[in-house]
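Predicted model, so just to flag it, every value in this text is computed and none were measured. Numbering of ligands and ligand atoms starts at 1, following listing order. In this chain, numbering begins with 1 at the start of the sequence shown.
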Amino acid sequence: MKSMVTTQLENGRQTEVLLADDLKDLSAHLGEYGRLVLWVFDTNTVKLFKQLPPSHVVLESGESAKNFSSLERILSSALDEGLARDGRIIGFGGGVVCDMSAFAASVYMRGCRLTLVPTTLLAMVDASLGGKAAIDFQGMKNMVGSFYPASEVLISIDTLRTLNEKEFLNGLAEVIKHALLSQDEELYKFLLMRKNEILSRDPKTLAALVELSLKVKQWYIEQDPLETLGIRQSLNLGHTFGHALESSSHYLMWGHGACVAWGTCRALEAGVVLGVTDKAYASGATKLFKSFGYDIEYRIGRGDWIEYRDHLLKDKKKVDGNVRFVLLEKQGSTILMPLDLQLIQHLVIAKPIF
Ligand SMILES: NC(=O)c1ccc[n+]([C@@H]2O[C@H](COP(=O)([O-])OP(=O)(O)OC[C@H]3O[C@@H](n4cnc5c(N)ncnc54)[C@H](O)[C@@H]3O)[C@@H](O)[C@H]2O)c1
């Protein structure tokens, strides 16, 4: 195991992200925890194991499992297995399993040990780091939750071999977003130069990509661990435009990543129109998304505007009733501001600007 990133969070809490050489290395490390552990899988990630550990819970795969009944199942199993406060929950899966395991660990006996083994690209670069843990409630995403960083995050690039293309692209959109938010251009240049190796999932290339991406997330969460200073919100770049597309199309049209890619390009355009974002930078970033196959030119039909607008206005991240968008001033520098509805309408239904 090689150390990738060590993140310092609130109250001296620390998350160490370790990279396994291969699945054998990962299993050997996990074996060291002994028997006082409860594993959490979903119906897909459980298939990655030939021999299942004795204490485990298998959740349904997908977002619909982020609910109270999954939480109750994890907590009941922990209790049945006699897990004490010094016991450990190991979440082995994508962002859903990571979020569920972290939330359960945060409330079990007022907090037990937690290790996350992210198995999607999105969970590796995003969901496993930063301590946000939540379930969906009354139809609203991540409405009930806590901050509870894992002490260890174990990454094995080998687990990505079985991930389908749509899920891979979901994670890659967040990586490209991180490249724009980074304080330096290393990740941006890596994406430009190593596109083919990334898309063909060359393991060494992916390990380097995940590490660079995690370092960007690390920077933002260390600056603003509890998301109270307006810095960590920058990580929502593209999400307000993107979520509204995702929910107004009833999650049927595209994956989350494709919507984030699309939304980030709309935010770049908004910045250009308002004189906040440099036009050449926005154009380059848009081309970068396009080069990885995201449909950036798409615009919603005129007849879909009202539904899109209604979803946009329901955005959770409102301040004084205003939805605030993340705009990019330049590489790694953002500004949060409300946008005029007419401008939004123009951007999401008009012809492309670039
Ligand atoms: N806590 C955070 O900071 C944070 C950040 C971003 C996203 N999230 C949350 O993460 C969730 C999305 O995560 P996700 O995209 O990983 O979704 P997911 O966990 O639903 O995984 C996507 C699909 O891939 C399958 N899968 C996982 N690993 C696999 C593998 N190695 N091989 C084959 N199939 C595999 C899963 O079973 C599922 O069907 C959302 O609920 C979101 O709210 C949390």
Do you see a donor-acceptor pair shorter than 3.5 Å between the side chains of [X] and [Y]?
X	Y	result
Asn164	Glu167	no
Glu246	His239	no
Ser77	Asp80	no

Any pair counted as salt bridge (Lys or Arg N to Asp or Glu O under 4.0 Å), so long as it reaches residues 179-200, sequence neighbours left out: Glu185-Lys189, Arg194-Glu197

query: Do other residues, nucleotides or ligands put more than 12 heavy atoms under 6.0 Å from the CD atom of Glu222?
result: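 Yes, the 6.0 Å shell around CD holds more than 12 heavy atoms from other groups.
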
NZ or CZ of Arg88 within 45° of Tyr33 ring axis and under 6.0 Å: yes

- request: Anything with a heavy atom under 4.0 Å from ligand 1 counts, so go ahead and list those protein residues by chain and number.
  value: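 Lining ligand 1 at under 4.0 Å, by heavy atoms, one finds Asp42, Asn44, Thr45, Leu48, Ser61, Gly62, Glu63, Lys66, Gly94, Gly95, Val96, Asp99, Thr119, Thr120, Leu122, Asp126, Ala127, Lys132, Lys141, Asn142, Thr159, Thr162, Leu163, Glu167, Lys217.
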
